[in-house]
Amino acid sequence: MDLKLQQYINGKWVDANSGNTRTIINPFNQEMIATVPEGDESDAKAAISAAREAFDNGEWASTPATERGTIVNKIASLIERDKEELAHLESLDTGKTVEESRGDMEDIAGVFRYYGEIADKDGGELIDSPVPNSSSKVVHEPVGVCGQITPWNYPLLQASWKLAPALATGNTLIMKPSEITPLTTIKVFELMEEAGVPAGVANLVLGAGNTIGAELSSSTDVDLISFTGGIATGKKIMQAASGNVKKLALELGGKNPNVIFADADFELAVDQALNGVFFHAGQICSAGTRLIVEERIHDEFVNALVERVKKFKLGSGFDEDTQMGPLISAEHLAKVEEYVQAGVREGATLAVGGKRPEDPELQSGFFFLPTIFTDCTTEMSVVQDEGFGPVITVEKFSAEEEAVKLANDSIYGLAGGVFTNDIAKAERCAAKMRMGTVWINEFNLYFPHAPWGGFKQSGIGRELGKLGIEEYTETKHIFQNLKPEPINWF
Ligand SMILES: NC(=O)c1ccc[n+]([C@@H]2O[C@H](COP(=O)([O-])OP(=O)(O)OC[C@H]3O[C@@H](n4cnc5c(N)ncnc54)[C@H](O)[C@@H]3O)[C@@H](O)[C@H]2O)c1
Ligand SMILES: C[N+](C)(C)CC=O
């Protein structure tokens, strides 16, 4: 593998201080793909200190935004140049199909391009000061040293949403990718070095969350933590970050409703409902795993889903006809199995799937059959909890208000969908659905220009779009008295 397989701290490629390593495996066949350093708190501290020094010396923050934008744009071009290699690495590491990974790499290049282009578009704002003989302006400055922690399901995509705006706005950073999927993030650090990101500005530490992630979250030298991952980890990070009242951006989980009205285009809704869940084997924060179907079409809709699901081709992400790859790990597979068993115990009906496949060719991988539960009710754990696997629950409704109530009956509020040909009805539902993204006659679409994030326990803050830049800036008001005079109070 033509990859450095090291950490990147203060402009140098280094092993872990302890000399420890971790083996990275392919979830399709459990073969070893690579051995990478397993850093710990001491590596995190070295990276924090490099990022602190690089921020405090002021060089990167005071580099003209146009120049920073040029570097971020160059990273986009290098990702486009190395797209095939990156897609191959992502599929090896995650098991997703190489076609999906290619799409991810295009999205990732697009994110760097978007932030590269808008890096120099914020010239601040002049305020019409109410005080005579004064000037008043608002400027945006980088937050400082940013800790960035990412999950395994979209390793490089989630990293790009953090790296690109942080660099464009003049911050310095320490990235910690998921310990089980670090390869494409390592590769992008090679590309960032090639693009001219100065030493110390972007640092990469590899290893576990409870060591490196915890150090980043609690360090008083880190000014902001941007985290994407599960709710339980997000809560720990919030607590650890309180020590120095860090700024926090949290992108957490979802149990996302997809409301299908009887007047929807039937074939479109079936197709999008399947894509919305089974893409990447359901390991998507915004997967539409909670189907809410109008009673009149419920049976026909479920039958159509089941017939399509039975024909899915599971296999290696590198086989052209594979539609769904494995889950990420043995541990995650065991969690999904337990989640499904809980659904059965609680009285949901298994319409299809519910177990590992029997195909001998899939026995070395972490495969789980696409699964549909019917007869679901809101209090069931499979309806309320994020399973993060290829599992749909189906509930019925008969009135619009009931559909919206079901959709909102969740601790989550990441995303949701509505399928109907009645545009007024779609707009009414979208207005009442309490989530960060609502798709109408669409599911799981995102692009760099529009913000992404969750209501309720799905998170705090927004990534992407102009709000994605705001996460990485502090706002400063500068007031100048142009005719100063003593106040003569004391
Ligand atoms: N909202 C979004 O945009 C979005 C996107 C992708 C994934 N997710 C969510 O991510 C979850 C799946 O990812 P996961 O299993 O990797 O999540 P996770 O919370 O287990 O791990 C995420 C990251 O946090 C690190 N971590 C673990 N413990 C930590 C600690 N104590 N302190 C600091 N860091 C720690 C991990 O090492 C990893 O890098 C799902 O819940 C999914 O919905 C959300
Ligand atoms: C945010 N997204 C949809 C790219 C990945 C969620 O897991």
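Along the sequence shown, residues carry numbers from 1. Just follow the structure's listing: the first ligand is 1, and inside any ligand the first atom is 1.
- Residue Y154 places no heavy atom under 4.0 Å from ligand 1.
- Taking 4.0 Å as the cut-off, Q158 counts as a neighbour of ligand 2 on heavy-atom distance.
- Residue-ligand proximity: A214 is placed with a non-hydrogen atom under 4.0 Å from ligand 1.
- In this structure, of Q148, M175, E179, the residue bringing a heavy atom nearest to atom 36 (C) of ligand 1 is E179.
- Remark: minimum distance from atom 8 (N) of ligand 1 to any protein heavy atom is reached at C285 CB, 3.6 Å.
- Contact annotation for E386 and ligand 1: only side-chain heavy atoms (C-beta onward) come within less than 4.0 Å of the ligand.
- Residue contact annotation: G459 has no non-hydrogen atom under 4.0 Å from ligand 1.
- Ligand 1 lies nowhere less than 4.0 angstrom from a heavy atom belonging to W161.
- The closest protein non-hydrogen atom to atom 31 (N) of ligand 1 is K236 CD, 3.8 Å.
- If you check each of I225, T150, N153 against atom 23 (C) of ligand 1, the one with the closest non-hydrogen atom is T150.
- Contacts between F388 and ligand 2, counted as non-hydrogen atom pairs separated by less than 4.0 Å, are absent for every part of the residue.
- Taking the charged nitrogens against the carboxylate oxygens, D223 and R52 do have a contact shorter than 4.0 Å, which makes a salt bridge.
- Annotation: atom 28 (N) of ligand 1 to nearest protein heavy atom, T233 CG2, 3.4 Å.
- The protein heavy-atom contact nearest to atom 6 (C) of ligand 2 is C285 SG, 2.4 Å.
- The single protein non-hydrogen atom nearest to atom 24 (O) of ligand 1 is F227 CE1, 3.2 Å, given as residue, atom name and distance.
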